[in-house]
*Asks:* 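Pasting a structure here, questions to come.
Values below: all heavy atoms of this structure, side chains included; hydrogens, waters and symmetry mates excluded. The chains referred to below are lettered A, B, ... by the order of the sequence lines, with proteins before strands, and numbering in each begins at 1.
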Amino acid sequence: MSSNAKVHSLSDLANILDATLIGDGDREIHGLSDLRRAGPADISFLSSSKYADSLAKTRAAAVVLREGDARNYSGDKLVVDDPYASYASLTAIFDVRQKRETGIHASAVVHPHAKLGDNVAIGPNCVISADVEIADGTELYPGVFVGENTRIGANCLIFANVSVYHGVHIGSDVIIHANTTIGSDGFGFAPVSGAWRKIHQLGGVIIGNRVEIGANTAIDRGALGDTIVEDDVIIDNQVHLAHNVVVGSGSAIAGCVGVAGSTEFGKGCQLGGACSVGGHLKIADNTIFSGATVVTRGNREADVFASAAPIQDVKSWRKNSVRYRQLDELFARVKKLEKDADK
Amino acid sequence: MSSNAKVHSLSDLANILDATLIGDGDREIHGLSDLRRAGPADISFLSSSKYADSLAKTRAAAVVLREGDARNYSGDKLVVDDPYASYASLTAIFDVRQKRETGIHASAVVHPHAKLGDNVAIGPNCVISADVEIADGTELYPGVFVGENTRIGANCLIFANVSVYHGVHIGSDVIIHANTTIGSDGFGFAPVSGAWRKIHQLGGVIIGNRVEIGANTAIDRGALGDTIVEDDVIIDNQVHLAHNVVVGSGSAIAGCVGVAGSTEFGKGCQLGGACSVGGHLKIADNTIFSGATVVTRGNREADVFASAAPIQDVKSWRKNSVRYRQLDELFARVKKLEKDADK
Amino acid sequence: MSSNAKVHSLSDLANILDATLIGDGDREIHGLSDLRRAGPADISFLSSSKYADSLAKTRAAAVVLREGDARNYSGDKLVVDDPYASYASLTAIFDVRQKRETGIHASAVVHPHAKLGDNVAIGPNCVISADVEIADGTELYPGVFVGENTRIGANCLIFANVSVYHGVHIGSDVIIHANTTIGSDGFGFAPVSGAWRKIHQLGGVIIGNRVEIGANTAIDRGALGDTIVEDDVIIDNQVHLAHNVVVGSGSAIAGCVGVAGSTEFGKGCQLGGACSVGGHLKIADNTIFSGATVVTRGNREADVFASAAPIQDVKSWRKNSVRYRQLDELFARVKKLEKDADK
């Protein structure tokens, strides 16, 4: 789909990937594709031996693979220890996204008290408020709003129509996808004589370095302290992080996850899609939650957890659902049978 | 609520709906409402005989109904085969949305290498990037961003603050509601020595013709190939489609659904609200998932599936939840009882 | 994190909170924090005796607390009946958000037929359509779109990139967070010969007074009548309210909740995070749904409901999930055992 293809020789790519080249180093590579779709100008990769069938049939110009798989492929190849990691590196080389033009677009509204670094790109209709700092090389797509006193580090990429409130600190090498909100008010209200009195949210949001945040995600500011997303965290689309949540470094949060207030995840946690996590929980380092888990309690040691009820054809589901509501009663009946049998 | 009411004679409406008019064709119809709320200048409709009570009491100027129901209504009426389809047609006639003024608003930023068709309406603060093509009659509300090399077909309607990334292809007669994102990066990362290395997403998104996409929805671009939404698909609000998902033509996806990467739906599938669908699944044509189903496996034949645990008062829920965790043990106990009884 | 600290004497704060001051009324208070984080210029609060440990150790300049707790604290203090309500009041005083400059920013596009009240603040790149009315003191952050014939009351706060469609009525003292959509089309389609015919959504949205709506939330317009959010309702992030939903006054809807069409909540309902509510249900006043409840039926009397299956370690979960699918069969087996035992 790209119209701005880049061309690299196979030996260049071998250098970049620190790979052993077997074949024609002068071969020109125009793109990257999977084994099945690759054309004769594409490089491809074999990340698992289970795709060996596709390897046999591929039309790719060259394939990145492990030494153990290399003997099964007679074409030009790059031999590496971790083909999937090499694939990730290749995607950076063949990426179709165009860097935005540096400078401040004429239609952007930048407060005179904002400080912008070198080579920043502030797209059309961006609004940068007072006392904002944006470090070198950061790109803002059109329509991005940045509130007062917010700091954004170097080499960040903020996509269109992202809204960042006041008092947010974002590290370097952070990517935030379109229509995402950072720093909205946490959901805090005191019930006072039958109405809700707003608890204004005085905390901020701190986003570490090398964090990626998907599209249409919302991360609330803290009530008094901050909401914190540590370094190297990856967060997908449609995620909701409530006030004062802490996400430990290296954690991964898949799409549609919601986390209630003040829950703290240790380092290296993984949440499958659509997990729903209660508030005020402490989750141990390296905990894994399967997709759609409803997390109602914390844990002290790494483990894998799940809660989703099993999918069934709708007839069975109806029958078993009725029975589920009678489970406790069934246990009593079984206990009675056991007692009677014991007599 | 409309202030721009349109007036049609009942005979005009009969023509448009291809209906049999029984009554006064000159009667002026100013609006459309349901039977209970309709006033004496409104047309209404009876889509199911179970609303016959409302028919008896309605103050509507005229009613669209089936032949079988017509005998029970002595007022002016339009007789049709499918009143619900006629109702849909009437909503187009009485819609309160105003078409946007054609032309490019002075505040829009349109790249000189973008190609715009006839009678397009590019609203204030829209940003149209290089090599974008937008076909005839398409309307963009304010604040829409369109990335490089993206194509949008004819007679589309893109609401405010929608963000469409580069390399996206959108068909004709497509509606996309506000704050939706099309073409954000899929959630792809290779774990490399304890950190996440980004897999840049080189694929695009292909949206067919006559597709409607709700508000605050996010559809990611493909990793290498494309994410595909075929013709005549309808998608509601707050939906997340991950990279390389394929949604077969005519499918319907209700609100808050999340679909993980590379899952492929056949044609005519229906997903109730808040379904959560795992990755790399193949779903057969015409499969139906009840609301809140957690889909963990594919299927080869059309069927109806569900998984949500039943709602209970909270006391019963607590007891039965404890028991659910002891289910496997209970089966063992029952087996033992059966064995003992068998002796 | 604030750089615009405000200073109040303790006696001033006592006045504002209608509190009994015990201690040095001239003491200068620069900020508000929780007991653990408070520094010597901060005021803090004790909302529950269970945090008494933190009270003993706090470095706070002064503490707001109940009479019963006051005897255990020798420092400067403000004695009140409801410290949590006082805390909410204090957050308004020490809020770090800066009021937006009143007036219409030069880059905003305001239709000549729009009516703006006194002291409104229309931020950069806002677009205000024809026949819109915005009452006194309302602030719009950058990038807000307001469609034709929409009315927004006094002293509202609409954050960046919010999209409000045509024909929406918003009351006074309403807060809407960034990237939220109000008035998008409900998900209405008539199946006609294998395709979906759009039912244009002719209704509007009515939002009452003192409503707060979170970030990245979407509230659809009604099909014929209106979608209604009554006074004093609070709604969190990532919520989806479908067409013709009614939310009774004083209700609270936590993050990631989805509500299908035409469901009506009574007054004072509370929905925990990630609840998923079916369509056409009537929910009684003061009903409470625990987090992640799948609501499939209405109710006539206030109660607390839940449905989420319990979280388990993944091994137990796998075993019990298999058993869940055999539940109905198990009931039959137990019944047989009982019958046999009865012989």
*Asks:* Between A/Val109 and chain C, with a heavy-atom cut-off of 4.5 Å, which part of the residue counts as in contact: side chain, backbone, both or neither?
*Replies:*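 The answer is the side chain of A/Val109.
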*Asks:* Select one option (side chain, backbone, both, neither) describing which atoms of A/Val239 are under 4.5 Å from chain C's heavy atoms.
*Replies:*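 Looking at A/Val239, just its backbone touches chain C.
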*Asks:* Should C/Leu330 and A/Arg323 count as side-chain neighbours, where that means a heavy-atom distance under 4.5 Å?
*Replies:*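 Sidechains of A/Arg323 and C/Leu330: no contact.
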*Asks:* Does any backbone or side-chain atom of C/Glu338 lie under 4.5 Å from a heavy atom of chain A? Answer side chain, backbone, both or neither.
*Replies:*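 Answer is both: backbone and side chain atoms of C/Glu338 are under 4.5 Å from chain A.
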*Asks:* Side chain, backbone, both or neither: which part of C/Arg333 has a heavy atom under 4.5 Å from chain A?
*Replies:*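 Neither part.
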*Asks:* State plainly whether the residues C/Asp285 and C/Lys267 are in salt-bridge range, i.e. N to O under 4.0 Å.
*Replies:*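 No, this pair does not count.
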*Asks:* Out of C/Ala274, C/Pro142, C/Ala292, which one racks up the most heavy-atom pairs below 4.5 Å with chain A?
*Replies:*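 Of the candidates given, the most pairs with chain A belong to C/Pro142.
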*Asks:* Quick one: which of C/Ile234, C/Asp313, C/Asn125, C/Asp232 has the most heavy-atom pairs under 4.5 Å with chain A, could you say?
*Replies:*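 Greatest number of close heavy-atom pairs with chain A: C/Ile234.
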*Asks:* Could you check whether the rings of C/Tyr84 and C/Tyr87 sit parallel, tilted or perpendicular, using 30° and 60° as the cut-offs?
*Replies:*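 Answer is tilted, since the angle falls between 30° and 60°.
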*Asks:* I'd like to know if the side chain of A/Thr296 reaches the main chain of A/Gly278, judged simply by a donor and an acceptor atom lying under 3.5 Å from each other, with no hydrogens or angles considered.
*Replies:*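 Side chain of A/Thr296 to backbone of A/Gly278, a donor-acceptor pair under 3.5 Å: no, none is there.
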*Asks:* When heavy-atom pairs shorter than 4.5 Å are enumerated against chain C, which of A/Asn299, A/Ile288, A/Asp340, A/Ile311 gives the highest number?
*Replies:*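 Heavy-atom pairs under 4.5 Å are most numerous for A/Ile311.
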*Asks:* C/Arg97 vs A/Arg221, test: side-chain contact (heavy atoms from CB on, under 4.5 Å). Steps then yes/no.
*Replies:* CA-CA 12 Å; C/Arg97 191 187 75 85; A/Arg221 64 192 316 106; over 6 Å; no
*Asks:* Select, from C/Arg210, C/His105, C/His177, the one with the greatest count of heavy-atom pairs under 4.5 Å involving chain A.
*Replies:*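 Going by pairs under 4.5 Å, I would pick C/His177.
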*Asks:* What part of C/Gln312 gets closer than 4.5 Å to chain A, counting heavy atoms only: side chain, backbone, both or neither?
*Replies:*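 Its backbone and side chain both get close to chain A.
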*Asks:* For chain C, which of A/Cys256, A/Ala195, A/Gly225, A/Gly194 has the most heavy-atom pairs under 4.5 Å?
*Replies:*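 The residue among A/Cys256, A/Ala195, A/Gly225, A/Gly194 with the greatest pair count is A/Gly225.
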*Asks:* Identify which of C/Val233, C/Ile93, C/Asn161, C/Asp82 forms the greatest number of heavy-atom pairs closer than 4.5 Å to chain A.
*Replies:*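 Ranked by heavy-atom pairs under 4.5 Å with chain A, first place is C/Asn161.
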*Asks:* Could you name the residues of residues 248-255 of chain C that have a heavy atom within less than 4.5 Å of a heavy atom in chain A?
*Replies:*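 Counting heavy atoms that sit under 4.5 Å from chain A, the residues of residues 248-255 of chain C involved are C/Gly250, C/Ser251, C/Ala252, C/Ile253, C/Ala254, C/Gly255.
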*Asks:* For residues A/Val277 and A/Phe265, determine if any side-chain heavy atom of one lies less than 4.5 Å from a side-chain heavy atom of the other.
*Replies:*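 Side-chain contact under 4.5 Å: yes.
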*Asks:* How far apart are the closest heavy atoms of A/Asn237 and A/Thr217, and which atoms are they?
*Replies:*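 Smallest interatomic distance, heavy atoms only, reads C-OG1, 3.4 Å.
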*Asks:* Would you kindly say whether A/Ser316 and C/Arg325 are connected by a side-chain donor-acceptor distance under 3.5 Å?
*Replies:*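 Absent: no donor and acceptor within the cut-off.
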*Asks:* What part of A/Ser321 gets within 4.5 angstrom of chain C, counting heavy atoms only: side chain, backbone, both, or neither?
*Replies:*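 Its backbone and side chain both get close to chain C.
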*Asks:* Going through the checks in order, is the side-chain contact (heavy atoms from CB on, under 4.5 Å) test met by A/Val146 and A/Leu140?
*Replies:* CA-CA 10 Å; A/Val146 184; A/Leu140 270 59; 4.1 Å; yes
*Asks:* Pick whichever of A/Phe289, A/Phe189, A/Trp317 has the most heavy-atom pairs under 4.5 Å with chain C.
*Replies:*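 Ranked by contacts with chain C, first place is A/Phe189.
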*Asks:* For each of C/Ala341, C/Ala215, C/Ser107, tally heavy-atom pairs with chain A at distances under 4.5 Å, and name the one with the top tally.
*Replies:*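 Most pairs with chain A among the choices: C/Ala215.
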*Asks:* Which answer fits A/Val294, side chain, backbone, both or neither, if we ask what part of it has an atom under 4.5 Å from a heavy atom of chain C?
*Replies:*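 When you check distances to chain C, atoms from both the backbone and side chain of A/Val294 fall under 4.5 Å.
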*Asks:* Which answer fits C/Asp34, side chain, backbone, both or neither, if we ask what part of it has an atom under 4.5 Å from a heavy atom of chain A?
*Replies:*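 Both backbone and side chain.
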*Asks:* Could you tell me if the ring centre of C/Phe159 sits under 6.0 Å from that of A/Tyr165?
*Replies:*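 Yes, ring centres under 6.0 Å apart.
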*Asks:* Let me know if C/Ser47 has heavy atoms under 4.5 Å from chain A in its side chain, its backbone, both or neither.
*Replies:*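 Contact with chain A involves no heavy atom of C/Ser47 at all.
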*Asks:* Can you tell which part of A/Val164 gets under 4.5 Å to a heavy atom of chain C, answering side chain, backbone, both or neither?
*Replies:*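 No part of A/Val164 comes within 4.5 Å of chain C.
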*Asks:* Among A/Pro310, A/Ala308, A/Gly183, which residue forms the greatest number of heavy-atom pairs with chain C at distances under 4.5 Å?
*Replies:*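 Of the options given, most contacts go to A/Pro310.
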*Asks:* Less than 4.5 Å apart, side chain to side chain, heavy atoms only: is that true for A/Ile176 and A/Ile170?
*Replies:*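 Yes - at least one pair of side-chain heavy atoms lies under 4.5 Å apart.
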*Asks:* Between C/Ile235 and chain A, which part of the residue has a heavy atom less than 4.5 Å away: side chain, backbone, both or neither?
*Replies:*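 Contact with chain A involves the backbone of C/Ile235 alone.
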*Asks:* Pick whichever of C/Ser89, C/Gly31, C/Ala106 has the most heavy-atom pairs under 4.5 Å with chain A.
*Replies:*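 If we count pairs closer than 4.5 Å to chain A, C/Ser89 comes out on top.
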*Asks:* Scan side-chain atoms only and decide if A/Gln201 and A/His243 contain a donor-acceptor pair under the 3.5 Å cut-off.
*Replies:*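 A/Gln201 vs A/His243: donor-acceptor pair found between side chains.
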*Asks:* Can you check side-chain contact (heavy atoms from CB on, under 4.5 Å) on C/Leu46 and C/Thr58, steps first, answer last?
*Replies:* CA-CA 11 Å; C/Leu46 179 71; C/Thr58 190; over 6 Å; no
*Asks:* Distance only, no hydrogens: is a donor on one side chain within 3.5 Å (strictly under) of an acceptor on the other, for A/Ser184 and A/Asp220?
*Replies:*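 Side chains of A/Ser184 and A/Asp220: pair found under 3.5 Å.
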*Asks:* What do the steps show when you test C/Val211 against C/Val247 for side-chain contact (heavy atoms from CB on, under 4.5 Å), and what is the final call?
*Replies:* CA-CA 11 Å; C/Val211 168; C/Val247 183; over 6 Å; no
*Asks:* Please classify the contact of A/Asp303 with chain C as side chain, backbone, both or neither, using a heavy-atom distance under 4.5 Å.
*Replies:*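 Just the side chain, heavy atoms under 4.5 Å.
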*Asks:* Heavy-atom distances under 4.5 Å only: say whether A/Val192 touches chain C with side chain, backbone, both or neither.
*Replies:*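 Side chain only.
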*Asks:* Grab the two heavy atoms, one from C/Val314 and one from A/Ala306, that are nearest each other, plus how far apart they are.
*Replies:*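 In terms of heavy atoms, the two residues are closest at CG2-CB, 4.2 Å.
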*Asks:* If the plane angle is over 60° it's perpendicular, under 30° parallel, otherwise tilted; pick one for C/Tyr141 and A/Phe145.
*Replies:*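 If you compare the ring of C/Tyr141 with that of A/Phe145, the planes turn out perpendicular.
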